[in-house]
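Single-structure report; data block below.
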Amino acid sequence: MTAVALGLPTRRVAQPATWNPREPAPVDGPLVDTFGRVARDLRVSVTDRCNLRCTYCMPAEGLDWMDTADVLTTEEMVRILTVAVRDLGIERIRFTGGEPLLRRDLEEIIARVAGLPQRPEIAMTTNGLGLTRRAQGLVDAGLSRINVSLDTVDAQRFAEITRRDRLDDVLAGLAAAHAAGLDPVKVNAVLADHTDLARLPDLLEYCLRHGYELRIIEQMPLDADHAWVRGQMVTADEILATLRGTFDLHDDPAPRGSAPAATWIVGGRRTASGKPARVGVIASVTRPFCGDCDRTRLTADGSLRNCLFAETETDLRSALRTLPDHEIDAAIADSWRANAWAKAAGHSVNTAGFRQPSRPMSAIGG
């Protein structure tokens, strides 16, 4: 299916006239696909484990976590990331989970990636628990950007959504990230229910007051219970209508590029550094941006995914653990180029034939 058939925008990036989806993937150069997109952004899940139990993500009792032996070791992960940056043109790496702060060697992984000759931009998405202890160490290791998940500043509602009474710890983590020099600190929010719309202005006001940038994300069909229902999802239109009831929003003149969030300027508000305050909406379902996607993904157990909603994966762990050492890097690069080449024009969430991935978000990585 083509991008046009899916109703998605398309962007061609230096596509040679000879590219043909029936031809094999390129044997050198960056990660390209048959639609001309070039993957520069890598999302790395370092663990599938999490210390919250958000209702839209997993059941109260948690999940059957990956066996420790199946998870990439520090050395294995660093080797894959080295190939990605050195040989495949990856410029940005975002560490995710599960909850990445549950990985004790995270600072070491970040420091070693930051030490590569072609140092990428290094970011992390976290639920914020534990940031008060580790924020400065992460920055010292090389972390340059952070997103903290926070759906509400109402303590009772936070406990209902996450099944944990930890709001104060998340707020403290946000403050610690800011104090460690991460700027801007971004907040990721998912509205689990339409009743959460009424609390959304309070969340944005909290972020504006503390200098954080809020991003509201449409809930996607990536929950472990497969309970997502399209008609019950809070949409971007509803989010914007709610915010405009309290705030004066203006179109952001800055180019969006391949960023997943469309952003708006909040009239009359400024960040601590004096820049115009912004709020963003990531409308993966109702306003898909697949035509501009420049992402590739690595799971904690060493599998490549070219889309959040991909139905297939490419195993890299086997190459790491079975091939002679001198063959490993080339095998990783070849497998990655083939995985990228096979990327579809876009997801099919809005089509009748959509099938939810077997892995939940906690195992894929955000």
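- Taking every heavy atom of both residues into account, Arg103 and Leu72 meet most closely at NH2-O, 2.8 Å.
- Side-chain atoms of Asp169 never come within 3.5 Å of backbone atoms of Leu129 as a donor-acceptor pair (strictly under, hydrogens ignored).
- Using a 4.0 Å cut-off between a side-chain N of Lys or Arg and a carboxylate O of Asp or Glu, Asp151 and Arg157 do not qualify as a salt bridge.
- Heavy-atom minimum distance, Ile122 versus Leu143: O-CD1, 3.6 Å.
- Looking at Pro260 and Arg295, their side chains come closer than 4.5 Å, going by heavy atoms from C-beta outward.
- If you chain together ILVMFWY residues whose side-chain heavy atoms come under 4.5 Å of each other, Met66 ends up grouped with Val71.
- In this structure, Asp70 places its CG atom where more than 12 heavy-atom neighbours from other residues, nucleotides or ligands lie under 6.0 Å away.
- Side-chain polar atoms of Asn127 and Arg166 form no donor-acceptor pair below 3.5 angstrom.
- Side-chain contact check for Arg112 versus Leu81: every heavy-atom pair is 4.5 Å or farther apart.
- Follow the hydrophobic side-chain contacts under 4.5 Å out from Val281 and you reach Phe247 in the same cluster.
- A salt bridge links Glu205 to Arg269: one of the charged nitrogens lies within less than 4.0 Å of a carboxylate oxygen.
- Crowding of Gln156 atom CD: a count of heavy atoms from other residues, nucleotides or ligands under 6.0 Å not exceeding 12.
- The number of heavy atoms from other shown groups lying within 6.0 Å of CZ (Arg104) does not exceed 12.
- Note on Val266: it clusters hydrophobically with Leu197, by side-chain heavy-atom contacts below 4.5 Å among ILVMFWY residues.
- Environment of CG in Asp64: sparse, with no more than 12 heavy atoms of neighbouring residues, nucleotides or ligands closer than 6.0 Å.
- Using a 4.5 Å cut-off on side-chain heavy atoms (C-beta onward), Ile216 and Leu203 make no contact.
- Side chains of Thr235 and Glu218: no donor on one and acceptor on the other come within 3.5 Å.
- In this structure, the separation between CG on Asp140 and CD1 on Ile110 is 11.0 Å, given to the nearest 0.5 Å.
- Other residues, nucleotides and ligands place more than 12 heavy atoms under 6.0 Å from the CZ atom of Arg256.
- For the salt bridge (Lys or Arg N to Asp or Glu O under 4.0 Å) test, residues two or more places apart in sequence or in another chain that qualify with Asp301 are Arg359.
- Side-chain N or O atoms of Arg337 include none that pairs as donor or acceptor with a backbone N or O of Ala25 at under 3.5 Å.
- With no hydrogens or angles considered, a side-chain donor-acceptor pair links Thr195 and Asp193 at under 3.5 Å.
- Panel note: side chain Arg199, backbone Thr152; no donor-acceptor pair is recorded below 3.5 Å.
- Between Glu23 and Trp341, the shortest heavy-atom distance links the atoms O-NE1, 2.9 Å.
- The heavy-atom pair separating Asn306 from Lys343 by the smallest distance is O-CE, 3.1 Å.
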Going through the distances and angles, do Leu171 and Leu150 end up as a side-chain contact (heavy atoms from CB on, under 4.5 Å)? CA-CA 9 Å; Leu171 299 183; Leu150 176 65; 3.9 Å; yes
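- Between Arg79 and Glu76 there is no salt bridge, since no side-chain N of the basic residue sits under 4.0 Å from a carboxylate O of the acidic one.
- Leu102 and Ile364 end up in different hydrophobic clusters when Ile, Leu, Val, Met, Phe, Trp and Tyr side chains are linked at under 4.5 Å.
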task = Take Asn147 and Arg94, measure what side-chain contact (heavy atoms from CB on, under 4.5 Å) needs, and give me the verdict at the end.
result = CA-CA 10 Å; Asn147 290 57; Arg94 176 174 293 276; 3.0 Å; yes
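- Transitive grouping of hydrophobic side chains (ILVMFWY, heavy atoms separated by less than 4.5 Å) brings Tyr206 and Leu208 into a common cluster.
- Side-chain contact between Arg215 and Thr263: present, with at least one pair of heavy atoms (C-beta onward) separated by less than 4.5 Å.
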